[in-house]
Amino acid sequence: MLSKKKQPESIKMPANLTPKEQKQIRAVIERNRMEGKVPRTAQQSIPFERMFPDGICRVRGNYYTKTIQFQDINYQLAQQEDQSAIFEEWCSFLNFFDSSIHFELSFMNMNADSESFEKSVRIPLVRDKFDPVRVEYSQMLKSQMEKGNNGLTKTKYLTFGIEAASMRQAKPRLVHVETDLINNFHRLGVAARVLDGKERLALMHDMFHMGIMTNFILTGSGSQSPGCQ
């Protein structure tokens, strides 16, 4: 008796992808499936070995990374001579990375959590006669941002990494690079801050649940492996 060949499971694609993008993703998944590289568990799909509370992540073996979140550069609104200065500073910024420092820029558009979104534009009250003005202005900012962003938050990240024999060797080098990068961002007039371990895990959670509003829950203490929720 001939057994019926098992058909591969259908892949549900996010609704916001174009047909071309869906086709490309299906091709990558099918190729990895044929090579046996498709993760079988959620833990296998998370590409790091351990996350430390200070934001250092051991991705694999002797490779360690940190992530910086940064804001927009006001390039288009600047005068021509200011644009030239910004461009030169940006070139210097990129030239900072030598062959020993790997880096990656990430630009994320994700559904905004309504509570966090409102908190980010709310002007704190100080209990004086101008509080009604602060409330009105906060409401105007919220309305304008909702119209302009279509309910999305746009964030930008720079992740940099180095090779090191151990965490003890990696940490001082990463801290030194981090300090230089933050100073470089400040010279560009850009606000920037380093993500700690919990914030990096929350970012990964949001990326794995893109398009789905779910709360990030961190269990346990100390450094975290991919087994955290």
Verify the neighbour count for atom [atom1] of [X]: are there more than 12 heavy atoms of other residues, nucleotides or ligands below 6.0 Å?
{"X": "F96", "atom1": "CZ", "result": "yes"}
{"X": "K171", "atom1": "NZ", "result": "no"}
{"X": "E136", "atom1": "CD", "result": "no"}
{"X": "F87", "atom1": "CZ", "result": "no"}

Original post:
How about S166 and R58: does a side-chain donor come under 3.5 Å of a side-chain acceptor?
Top reply: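 Note: S166 and R58 side chains miss the donor-acceptor criterion.
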Original post:
Have T159 and R200 got a donor and an acceptor in their side chains that come within less than 3.5 Å?
Top reply: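 Per modelled atom types, T159 and R200 side chains form no pair under 3.5 Å.
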Can you tell me how far apart [atom1] ([X]) and [atom2] ([Y]) are? Round to the nearest 0.5 Å.
{"X": "L203", "Y": "S106", "atom1": "CG", "atom2": "OG", "value": "8.0 Å"}
{"X": "I162", "Y": "K66", "atom1": "CD1", "atom2": "NZ", "value": "11.0 Å"}
{"X": "E89", "Y": "N184", "atom1": "CD", "atom2": "CG", "value": "8.0 Å"}
{"X": "C57", "Y": "L201", "atom1": "SG", "atom2": "CG", "value": "8.0 Å"}

Original post:
So N62 and Q169, side-chain contact (heavy atoms from CB on, under 4.5 Å) or not? Walk me through it.
Top reply: CA-CA 10 Å; N62 60 351; Q169 293 183 11; over 6 Å; no
If you look at every heavy atom in [X] and [Y], which pair is closest and at what distance?
{"X": "M167", "Y": "Y64", "value": "N-OH, 3.2 Å"}
{"X": "E49", "Y": "G61", "value": "OE2-N, 3.2 Å"}
{"X": "V126", "Y": "D128", "value": "CG2-OD2, 3.2 Å"}
{"X": "G55", "Y": "M51", "value": "O-SD, 4.2 Å"}
{"X": "I123", "Y": "S138", "value": "N-OG, 2.8 Å"}
{"X": "V190", "Y": "D72", "value": "CG2-O, 4.1 Å"}

Subject >> side-chain contact (heavy atoms from CB on, under 4.5 Å) between T18 and E21, worked out >> reply: CA-CA 5 Å; T18 65; E21 291 171 333; 3.2 Å; yes
Original post:
Hey, would you say the H102 and Y63 ring centroids sit under 6.0 Å apart?
Top reply: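 Between Y63 and H102, which both carry aromatic rings, the centre distance is below 6.0 Å.
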Original post:
Parallel under 30°, tilted from 30 to 60°, perpendicular over 60°: which one fits the rings of F93 and W90?
Top reply: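 Taking W90 first and then F93, their aromatic rings lie parallel (interplane angle under 30°).
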Original post:
Parallel, tilted or perpendicular: which describes the rings of F70 and F107, with under 30° parallel and over 60° perpendicular?
Top reply: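 It falls in the perpendicular class, over 60°.
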[X]-[Y] co-clustered via ILVMFWY side chain contacts under 4.5 Å:
{"X": "L125", "Y": "M140", "result": "no"}
{"X": "F185", "Y": "F103", "result": "yes"}
{"X": "V177", "Y": "I182", "result": "yes"}
{"X": "L181", "Y": "V194", "result": "yes"}
{"X": "L105", "Y": "V59", "result": "no"}

Min side-chain heavy-atom separation [X]-[Y] under 4.5 Å:
{"X": "D54", "Y": "D196", "answer": "no"}
{"X": "R173", "Y": "I101", "answer": "yes"}
{"X": "Q79", "Y": "Q83", "answer": "no"}
{"X": "F48", "Y": "T65", "answer": "no"}

**OP:** For side-chain contact (heavy atoms from CB on, under 4.5 Å), just list the numbers for Q139 and R134, CA-CA rounded to whole Å, side-chain angles, deciding distance to a tenth of an Å, and then say yes or no.
**Re:** CA-CA 9 Å; Q139 291 174 343; R134 294 186 181 93; over 6 Å; no
**OP:** Take D180 and E178, measure what side-chain contact (heavy atoms from CB on, under 4.5 Å) needs, and give me the verdict at the end.
**Re:** CA-CA 5 Å; D180 288 343; E178 167 196 317; over 6 Å; no
